[in-house]
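Read the structure below first, then the notes.
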Number of protein chains: 2
Amino acid sequence: MLDVAPPKYPHEVLAVVLRVRDGRLEVLLWRRAEKPYAARWALPGGALGAHERLGTAIARHLADKVDVREIAHLEQLETRSDPRRDPRGRVLATAYLGVVPSDAEPSLPQDTAWHAVDGLPPTAFDHGSLVESGRARLGAKLSYTTIGFALAPKAFTMSQLRDIYSAALGHQVSATNLQRVLLRRHVIERTDITAPPTESGGRPAAVYRFPDRSLRVTDEFPAFRPRS
Amino acid sequence: MLDVAPPKYPHEVLAVVLRVRDGRLEVLLWRRAEKPYAARWALPGGALGAHERLGTAIARHLADKVDVREIAHLEQLETRSDPRRDPRGRVLATAYLGVVPSDAEPSLPQDTAWHAVDGLPPTAFDHGSLVESGRARLGAKLSYTTIGFALAPKAFTMSQLRDIYSAALGHQVSATNLQRVLLRRHVIERTDITAPPTESGGRPAAVYRFPDRSLRVTDEFPAFRPRS
DNA sequence: GCAAAAGTGTTACAATTACACCCATGC
DNA sequence: GCATGGGTGTAATTGTAACACTTTTGC
């Protein structure tokens, strides 16, 4: 099939790293110093190494921007191939979705900052639309997988988790129903610990946690399935 | 970021083209003539052209194996990057999922044939696991999108559609409930035409169709959403 | 009339939403 | 006691599965 030497292309990896903070969904961006798109905000990433897998490459590049140990989940999103997506020349790009718990406090380099996903500043290349892809993927998976573990702290109250889900989904979520749905599916479990009330008082809240901190599909799409 | 010239890699596109025939889910494979993996079955595809997008490339390569006009739906699946996935040297591969209606009868070249997805012959490279990815994606999307249009003929009876869904999902589906679910979501609509009974007799069946033959999400994951 | 397949009516069941109400704490 | 959230009980709603029964044809 490959009679002649096949053409080769530079390949980069990018990451849409999301977290919830102050009730908003945020994405990690760094400010470009040089042309093209000087002073615009861009996704972290970089070139794929000669003997590297894509997943390893994105972890390596992210290490320059954040403490990778803070990234609780990482999955492949999509590969972009528009020949004109980089004005300097053709570069293929595979984007990943990364998720950081809301209580993580990674120290960031000078040029790097979190930005609210709603109302992004001007972005470089096709990175703005990749952020949208990442947000959509996270929103969908919150409803049928355990990906919430990556967004939440190790231990949390239901109101904290409600605020996290609300911000990530972009609409109000009821703590009452969230608790019941997640408990029934065994996505979260209650611990013996209770948290003290906040300044404004109120009953102390029970502390919950995700029993397994890895991705698992909980809601096999029920349509057209025998009840078993 | 790219101070030195970045490394370049050969990039190929592959397609997992699925259809339902004789009550089984089938994938399009071609038999390799040369090493490596001589005589093994492989996914159609080929190199990415210098100024080409991935989607265009896979359509071009597929044209060698099938009449591309028969492919009712095509979407990106995932990108594989294991440096050893091709023993001849490193090749990145982006796989697509293609879907062909069950009544299409594309003529195939000598080396190409449909194979039941259950019980595949030995395959080349990592193509076997890509077929699994494709099957999983199709199965999930059948439940929450209109992707069924790509699998079904333009017009069909409910029993035909039931057989198609059963084969693609790998479990029994009730025509009664399938009809109601798809009608309520306006995924299918009834036409004025009735089909004559088969040889074994029986009441003539109403003919249905998919009103829009493009992908649409029908079942926004309902979890945690206000009823609005 | 009878067999076969299609289609409808109806009930059962499961999951979720909405909301009223009770609980536990600080002040 | 009362304000403030946390949490439970429960009814309403929705969507799907299961299945009996009716309809429409060929022979």
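Worth saying up front: this structure is predicted, and the values here are computed from it rather than measured. The chains referred to below are lettered A, B, ... by the order of the sequence lines, with proteins before strands, and numbering in each begins at 1.
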Please report the interatomic distance CG(A:L54) to CD1(A:I58), rounded to the nearest 0.5 Å.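 The CG atom of A:L54 sits 9.0 Å away from the CD1 atom of A:I58.
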>> Just verifying a value: how many Å separate A:H11 NE2 and B:S81 OG, rounded to the nearest 0.5 Å?
In response: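 Nearest 0.5 Å value for the NE2-OG distance: 8.0 Å.
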Tell me the interatomic distance from [X], atom [atom1], to [N], atom [atom2], rounded to whole angstroms.
{"X": "B:F156", "N": "C:dA6", "atom1": "CZ", "atom2": "C1'", "answer": "15 Å"}
{"X": "A:I193", "N": "C:dA24", "atom1": "CD1", "atom2": "P", "answer": "19 Å"}
{"X": "B:L182", "N": "D:dT16", "atom1": "CG", "atom2": "P", "answer": "9 Å"}
{"X": "B:R184", "N": "D:dT13", "atom1": "CZ", "atom2": "P", "answer": "17 Å"}
{"X": "B:L183", "N": "D:dA17", "atom1": "CG", "atom2": "P", "answer": "14 Å"}
{"X": "B:Y208", "N": "C:dA6", "atom1": "OH", "atom2": "P", "answer": "11 Å"}
{"X": "B:L178", "N": "D:dG15", "atom1": "CG", "atom2": "P", "answer": "17 Å"}

Could I get the full list of side-chain contact (heavy atoms from CB on, under 4.5 Å) partners for B:A42, not counting sequence neighbours?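 If we apply the side-chain contact (heavy atoms from CB on, under 4.5 Å) test to B:A42, skipping adjacent residues, the hits are B:W30, B:R32, B:A124, B:H127.
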Check your understanding: With A:P197, which residues qualify under side-chain contact (heavy atoms from CB on, under 4.5 Å), at least two apart?
Key ->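 A:P197 satisfies side-chain contact (heavy atoms from CB on, under 4.5 Å) with A:P204 only.
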Exercise. Mind checking salt bridge (Lys or Arg N to Asp or Glu O under 4.0 Å) for B:D163 and listing every partner two or more places apart, or none if nothing turns up?
Key: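 If we apply the salt bridge (Lys or Arg N to Asp or Glu O under 4.0 Å) test to B:D163, skipping adjacent residues, there are no hits.
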Remember a base hit wins even if backbone is also touched, and classify A:T176 as base, sugar-phosphate or nothing at under 4.0 Å, heavy atoms.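 Base, at least one base heavy atom under 4.0 Å.
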### Message
Mind checking if A:A175 touches a base, just sugar-phosphate, or nothing, with heavy atoms under 4.0 Å?
### Response
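Result for A:A175 = nothing.
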(message) Under 4.0 Å, heavy atom to any atom of DNA chain D: which of residues 162-173 of chain B qualify?
(response)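 Within this stretch, nothing sits under 4.0 Å of the strand.
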For D:dT16, does the base pair up with any side-chain atom of B:R185 as donor and acceptor (N or O, under 3.5 Å, distance only)?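 No, no donor-acceptor pair under 3.5 Å.
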- All pairs passing side-chain hydrogen bond (donor to acceptor under 3.5 Å, both in side chains) where residues 106-115 of chain A contributes a residue, at least two apart: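 Checked against side-chain hydrogen bond (donor to acceptor under 3.5 Å, both in side chains) - neighbours excluded - the pairs reaching residues 106-115 of chain A are A:K65-A:D111.
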Counting primed atoms, P, OP1 and OP2 as sugar-phosphate and everything else as base, the B/S/- map of nucleotides 21-27 of chain D against protein heavy atoms under 4.0 Å is --BBB--
Exercise. Choose from C:dA6, D:dA18, C:dC19 the nucleotide whose nearest atom is closest to any side-chain atom of A:R180.
Key: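 Between C:dA6, D:dA18, C:dC19, the one nearest the side chain of A:R180 would be C:dC19.
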On the nucleotide C:dA6, are OP1 or OP2 found under 4.0 Å from the side-chain N or O atoms that B:Q179 carries?
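False: B:Q179 side-chain N/O out of range (4.0 Å or more) of C:dA6 OP1/OP2.
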query: Without hydrogens or angle criteria, can the side chains of A:S133 and A:E78 be said to hold a donor-acceptor pair below 3.5 Å?
result: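 Indeed, the side chains of A:S133 and A:E78 share at least one donor-acceptor pair under 3.5 Å.
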DNA chain D: 5'-proximal contact among A:N177 and A:T157 (nearest heavy atom):
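The 5'-side residue here is A:T157.
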Quiz item: With ring centroids as reference points, do B:F210 and B:F156 lie under 6.0 angstrom apart?
Solution: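 Between B:F156 and B:F210, which both carry aromatic rings, the centre distance is below 6.0 Å.
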ask   = Any ion pair linking B:D22 and B:R24 (charged N to carboxylate O, less than 4.0 Å)?
value =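 The answer is no: the pair does not qualify as a salt bridge.
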